[in-house]
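None of these values were measured; they are calculated from a predicted model. For ligands, and for the atoms within them, numbers begin at 1 and follow the listed sequence. Counting begins at 1 with the first residue of the sequence.
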Amino acid sequence: MSDNVKAAVLVKPGMVEMREFPMPTPKKGAAVAKILLAGICGTDKHSYRGETRQFGGTSSAKDISLPLIQGHENVMVISDIDEEGSRSLEFHGEILKPGDRITMCPDVVCGKCHYCKHFAWYPWCDDMQFCYGNTRSCDEKEHLYGGFAEYIYIEPGTRIYKVPDGLPNEMAVLTELMCVTYTLDKAKEFYSFSGEGFGFNDTVVIQGVGPLGLAHIIKARMLGAGKIIVTDLSDYKLKLAKEFGADIAINVETTTEAERIDLVRQETRGLGADVVVECVGYPHVVNEGLTMLRKAGVYLEAGNFVDVGATPINMHMICSKNLRIVGMYNHAYTGYRPSMEMMLRDIKRFPWDKFISHKFPLKNTEQAIQASMEKDSMKVVIDPWQ
Ligand SMILES: [Zn+2]
Ligand SMILES: [Zn+2]
């Protein structure tokens with residue numbers, strides 16, 4: 001084990017620099033893990049572009065803390081762990097030891113506020129301690145709080161999940177992303193009491209099929225979707241979406257909004273889609289998605305994770321069609337193990353090896369972030385040991 005740990009640091013928007021930090025020793029309740037793979041998330045791209053406002057409009061609104069080691073979609077192996085950490089860090093109570101492969105929930109909550117007490121499965125915390133790869137600067141404490149590094153420091157209170165044997169690192173690195181498809185589970189719940197949204201064999205439209213959209217195709221299939229219709233401006237992504245189970249793929253650059261809405265109606269016997277999921281990450285697509293819905297349809301807002309502005313919506317349509325809009329921030333802590341076990345169960349059902357389009361070494365992290373913003377990339381990951 002070397003004395004210094006290399007990390008890629010976002011020093012300001014649009015600028016990543018390689019730095020070295022001392023190898024930490026885990027304090028009480030903590031652990032140090034070697035990063036095996038770290039995914040580049042939509043949030044990382046937003047931060048790199050300088051779109052840094054998160055939790056906007058709530059009491060916990062904040063900007064990311066620079067300089068920052070980004071990376072919160074991490075699959076790791078424990079290299080050093082304190083005795084208390086080995087007993088307390090794993091979410092399901094498993095004992096952790098060096099050599100165990102793990103994933104993590106990046107949000108570390110206070111455990112004491114109204115939301116932590118009333119909604120214990122969900123990080124709505126009003127006093128969020130920090131988010132790995134996102135809101136704790138590498139100037140603080142043990143420095144290594146992001147996945148774009150050789151090692152990461154895991155603080156007490158972090159929710160850690162053991163990776164099931166047989167699940168490749170290239171799939172385990174998608175776990176956090178799969179957890180973010182949680183609103184599809186919510187849409188299922190609404191169906192059970194009022195026929196809103198997502199019943200067996202229902203039509204799901206997914207706006208935007210980057211990694212988040214692709215994860216929603218997979219999850220919708222796992223949950224019993226019927227027809228899946230996707231939109232995007234990249235033919236590469238649309239083709240991949242079909243390989244992962246989308247039935248109809250529409251390029252938004254060669255069709256008009258009216259044509260797309262019409263097509264969704266034709267494909268649903270004139271009714272409209274049961275569920276539409278926003279995975280573009282910009283608000284201008286929302287109105288189109290709402291218009292595609294049937295009466296009592298459900299709109300799932302997963303993409304606008306950072307504040308990139310507003311869009312005009314005619315609220316009459318929400319009334320006249322009895323629509324439900326479900327917002328989504330982060331994901332349930334309870335989603336990690338089910339996501340990993342379901343991915344393992346469906347290892348032969350989807351062409352998982354195509355989900356990751358690029359793998360970059362740590363020193364090329366900036367190039368990797370740029371690649372992740374290209375039209376012809378899907379999930380881009382950092383392999384610090386490549
Ligand atoms: Zn993410
Ligand atoms: Zn809290």
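Expressed to the nearest 10°, the angle at the Zn ion (ligand 2) joining SG in Cys125 with SG in Cys113 is 120°. The Zn ion (ligand 1) forms the vertex of an angle spanning OE1 of Glu176 and NE2 of His72; to the nearest 10 degrees it equals 100°. Around the Zn ion (ligand 2), the two atoms SG of Cys116 and SG of Cys110 are separated by an angle of 120°, to 10 degrees.
Other residues, nucleotides and ligands place more than 12 heavy atoms under 6.0 Å from the NZ atom of Lys321. The environment of CZ in Arg345 is sparse: at most 12 heavy-atom neighbours from other residues, nucleotides or ligands sit within 6.0 Å.
Shortest distance from the Zn ion (ligand 1) to Glu73 is reached at OE2 (N/O/S atoms only).
Counting heavy atoms from C-beta outward, Val11 and Val16 have side chains that stay 4.5 Å or more apart.
Checking Asp44 against the Zn ion (ligand 1), every N/O/S atom stays at or beyond the 2.8 Å cut-off.
With Tyr333 contributing its side chain and Asp107 its backbone, the two residues share no donor-acceptor pair below 3.5 Å.
Salt bridge annotation for Arg260-Glu288: present, with a cationic side-chain nitrogen under 4.0 angstrom from a carboxylate oxygen.
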